[in-house]
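Take a look at the structure below.
Numbered from 1 within each chain, the chains take letters A, B, ... in sequence-line order.
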Amino acid sequence: MEILSSLNPQQRKAVEQTEGALLVLAGAGSGKTRVITLRIAYLIAEKNVPPYNILAVTFTNKAAGEMRERVKTLLQGQNLQSAPLISTFHSLCVRILRQDIEHLQEGYTKSFTIYDTSDSQKVIKACIKDLGMDEKQLSPRVVQSAISSSKNQGEDFEMYASKVEYTDERHAAIARAFKMYEERLNNANALDFDDLLIKTVRLLRASNEVREKYNNKFKYILVDEYQDTNPLQLALITFLTEKQQNICVVGDDAQSIYGFRQADIRNILEFEQHYPNANVILLEQNYRSTQTILDVADAIIKNNQNRKDKKLWTNNDTGEKIFYYQAFDADNEGRFVASKIEEHLRNNPKDKIAILYRTNAQSRVFEESLRRLRIEYNIVGGFSFYERAEVKDVIAYLKLALNPFDDIALLRVINTPPRGLGKTSLDELAFRAKDFGTSLWETLAVITDEKYEQPRNLTPRALEALRGFKKIIEKLSAQVSEAAQTDRVVSEVVIAAIEDTGYSKMLREENSDESEARLENLQELVNAAVDYDKQEADGLRDFIDHSALSSDTDKYDRNASVTMMTVHAAKGLEFPIVFLVGLEDGVFPHARSINDAKELEEERRLAYVAITRAEKILYVTHAMRRRVYGEEMAAEPSQFLNEMPLEMIHDLSRGSSWLSFAKSSSVKNNKHAAKVLRGEAETEKPRSTYAGKTYNSTDAIAEFFKMKKSSQESEVSGQEANSKPLSGFEKLKAAGSDQSKIQNPKSKIEVGLVPGSHVRHAKYGKGLVLRREGTGDNVKLTISFPGFGQKKLIEKFANLEQA
DNA sequence: GAGTCGTAGATTTTT
DNA sequence: TCTACGACTC
Ligand SMILES: Nc1ncnc2c1ncn2[C@@H]1O[C@H](COP(=O)(O)OP(=O)(O)OP(=O)(O)O)[C@@H](O)[C@H]1O
């Protein structure tokens with residue numbers, strides 16, 4: 001088969017060995033995804049496996065879409081009766097449950113609703129309230145994440161509750177909320193994201209018939225990014241491969257970045273225990289990146305204790321050095337990136353460039369700076385189209401029409417547009433519902449009935465409004481079931497949900513820029529439905545499912561020259577030019593992970609993923625100041641920068657930068673200046689804890705600041721594209737020194753502690769002042785103490801000495 | 001019941 | 001900085 005000629009011998013082996021269990025464990029860019037893709041084509045074209053017997057599972061919709069495309073291209077010209085199923089875990093589960101959930105006998109029907117994260121959050125809030133607790137005592141966020149992580153480990157609320165110590169009030173409260181949450185979802189015939197997996201696993205476990213059915217259907221199973229599977233997903237795969245064991249998984253333990261979703265790399269490392277006859281193939285040649293990029297990625301990942309050493313080599317050139325830029329602040333970082341992108345596109349308009357960041361919130365600055373230069377970009381993730389309020393509203397109408405038990409959908413739309421149904425009426429409705437033990441919809445039907453004899457506790461106006469609402473939904477339901485029978489015209493029902501509900505009327509009457517934009521978004525929704533009608537014609541339900549599962553903007557345009565996304569979203573992709581931005585302690589690695597060795601290692605793997613996305617050119621940038629919650633904060637260069645081999649980095653910053661300092665302090669016989677900077681950490685007991693390492697670059701940075709102070713004039717005027725008359729650094733210095741001299745004469749230190757000053761603290765020892773705010777007795781100082789991190793202290797009480 | 005205003009609190013990462 | 005929710009007014 002000629003397509004195999006594009007493979008190296010190991011890859012080829014992995015493709016040709018179609019029977020039995022196979023693990024392909026290999027580093028970044030070694031062709032794992034290519035193996036999976038070709039394997040699917042090979043099974044179909046060479047082994048004559050019917051496509052419907054093949055299941056390939058990926059992690060994101062984006063990855064599934066890409067793979068579908070590639071397989072399609074490979075199989076062009078073949079006359080196929082069916083297509084292989086290439087889907088995410090979640091879509092696969094929806095597919096199975098839509099067919100067979102009734103076998104589970106838990107009261108769920110095929111018309112179940114999917115609750116997204118915000119829907120579940122609403123349920124949780126209601127539960128907390130109904131348990132007589134305050135959101136401040138028990139935050140919905142905490143409950144939600146507890147429930148989710150418990151579920152992803154395969155637990156139900158009973159298992160969760162059984163683990164709670166009876167003295168542990170807090171967890172007991174979570175357990176109660178968990179229980180109530182489960183009951184409410186069940187009553188609403190609703191499943192959350194995690195339930196999709198849980199229920200499928202439970203279904204496969206409980207029903208021999210169903211298990212048998214899918215074992216017979218999916219004879220060949222392939223899983224990409226296997227290192228990111230969690231115990232539930234493992235269970236799912238295990239059940240699906242009970243009969244046949246034709247399973248091929250590929251992955252790289254160094255790229256495991258979904259620990260927060262309970263992903264467990266033991267799944268991949270212990271694959272041979274799960275499938276004792278498994279073969280293991282290692283791929284060691286990287287086809288993607290330059291040697292320099294691989295060296296840098298490798299240098300970083302080597303700092304992880306918990307890892308499996310893998311070889312990775314490349315025939316590619318050494319390539320360019322890594323480009324580094326220290327920005328003055330986030331805005332300046334954005335300008336730098338945009339201007340570099342402009343330069344690249346001027347030289348080669350076809351360049352494909354990615355901006356990768358740790359959190360979605362960072363995208364804004366880059367959007368603005370690109371827009372300023374009129375550079376087109378597209379952005380993956382963040383708030384998706386389907387998460388917009390107006391879109392969710394319309395979808396909620398449709399969800400309610402499909403599943404009237406969906407209380408969340410009902411509450412969302414019952415008074416949108418305003419129908420004169422306020423808190424009082426809705427409280428009454430909810431109260432009755434609880435009393436009857438039924439859904440809001442059923443309750444509504446009962447109490448609006450002409451023949452209902454009990455006192456209603458509703459104003460005549462409210463009663464009429466409820467009746468009107470009921471009619472609207474009934475009409476919509478009728479249209480929906482009609483459409484379901486004709487198996488088409490999703491778009492018509494969508495239009496009905498926009499028009500006949502009064503929704504568009506409300507927006508037209510509002511007549512603002514805002515409402516204008518919303519109407520446009522709804523038009524987009526109609527367009528999506530029209531497209532959908534043309535392509536799949538799988539009915540309204542499928543359309544709605546799709547909207548729930550694609551919070552990830554999977555229609556990213558691979559032809560666009562600039563794409564921005566989080567590092568997580570970039571997994572599996574590659575770009576000739578990559579900008580990895582915001583490399584600061586607290587941002588990347590994220591502040592939430594910095595104090596936990598395990599989580600810090602995950603951040604480091606994330607850095608590894610980010611760097612290995614680059615094919616030819618990698619830029620790394622960081623800002624010295626960044627706004628956090630609207631507050632300007634001093635930012636330290638990321639420890640991951642410190643872990644890079646500095647001689648491979650080329651400094652593009654104007655003036656002196658952290659890098660130039662780090663390089664200059666290199667001891668002759670030492671390979672990496674970074675090691676020098678790490679100093680004591682190296683001689684310490686080898687990284688038994690990371691607490692001390694977190695700020696171990698502080699000394700370097702402290703000295704850097706000191707240097708900076710003396711050369712401030714040149715540094716500031718050298719800052720590129722800094723249009724403000726006074727740089728922040730100057731302002732900071734000015735504000736700091738003036739205030740401390742004039743308004744704080746009582747201060748122990750007459751000179752005043754300006755940012756950059758060294759101080760000594762009784763408990764934390766030597767530290768460096770990063771920031772000063774407030775006046776008089778209220779002066780607060782942010783000080784970085786090596787080994788203790790940043791502390792915010794009141795100058796008056798801190799008892800600081802100048803060091 | 002609807003709309004306005006003020007303030008506390010929040011951000012990882014994805015399905 | 002932005003948001004989401006609660007108090008307050010009409
Ligand atoms: N044998 C080969 N010859 C030439 N190019 C190859 C070969 N195998 C893979 N490639 C190319 O290498 C690049 C990386 O491949 P692929 O995305 O499959 O790697 P991967 O192992 O899945 O990477 P990651 O783990 O980083 O997602 C792709 O551009 C692919 O086309």
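Note on A/F89: nothing from the nucleic acid sits closer than 4.0 angstrom, heavy atoms only. Residue A/N415 is classed as a sugar-phosphate contact, given heavy-atom separations below 4.0 Å to backbone atoms only. A/E599 comes within 4.0 angstrom of a base, heavy atoms only.
The aromatic ring of A/H590 sits over the base of B/dT12, with ring centres less than 5.5 Å apart and planes tilted by under 30°. Both thresholds, 5.5 Å between centres and 30° between ring planes, are met by A/F260 relative to the base of B/dT13, so the two rings are stacked.
Using a 4.0 Å cut-off between charged nitrogen and carboxylate oxygen, A/E182 and A/K151 count as a salt-bridge pair. By the 4.0 Å N-to-carboxylate-O rule, A/D545 lies close enough to A/R98 to be salt-bridged with it. A salt bridge does not link A/E632 to A/R626: none of the charged nitrogens lies less than 4.0 Å from a carboxylate oxygen.
Closest to the A/R592 side chain, of the nucleotides B/dG1, B/dA2, B/dT12, is B/dT12. Side-chain proximity of A/Y258 to B/dT15, B/dG1, B/dT14: nearest is B/dT14. Across B/dT11, B/dG1, B/dT12, the shortest atom-to-atom separation from the side chain of A/A361 is found for B/dT11.
For the pair A/F59 CZ and B/dT14 C1', the interatomic distance rounds to 9 Å; values are reported in whole Å. To the nearest angstrom, P of B/dT14 lies 21 Å from NZ of A/K151.
Rounding to the nearest 0.5 Å places CG of A/D407 at 3.5 Å from CG of A/L440. For the atom pair A/K399 NZ and A/D119 CG, the distance stands at 4.5 Å (nearest 0.5 Å).
At the phosphate of B/dT14, OP1 or OP2 sits under 4.0 Å from a side-chain N or O atom of A/N360. Here A/T117 does not reach the OP1 or OP2 of B/dT14: none of its side-chain N or O atoms lies under 4.0 Å away. Remark: A/T566 is not in phosphate contact with B/dT12, judged by side-chain N or O atoms under 4.0 Å from OP1 or OP2.
Here, C/dA4 and B/dT13 have their P atoms 15 Å apart, quoted to the whole Å.
In terms of position on DNA chain B, the residue among A/S139 and A/D194 whose nearest nucleotide sits closer to the 5' end is A/S139. Where A/R141 and A/T459 each meet DNA chain B at their nearest nucleotide, the meeting point lying more 5' is that of A/T459.
For B/dT13, its base sits under 3.5 Å from the side chain of A/R358 at one donor and acceptor pair at least. No hydrogens or angles were tested; on distance alone, a donor-acceptor pair under 3.5 Å links the side chain of A/R261 to the base of B/dT14.
Aromatic rings from A/Y377 and A/F366 are positioned such that their centres are separated by 6.0 Å or more.
Side chains of A/Q362 and A/T359: a donor on one and an acceptor on the other come within 3.5 Å.
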Sequence-aligned protein contact record of nucleotides 1-10 of chain C, with B where the base is within under 4.0 Å of a protein heavy atom and S where only the sugar-phosphate is: BS--S-----
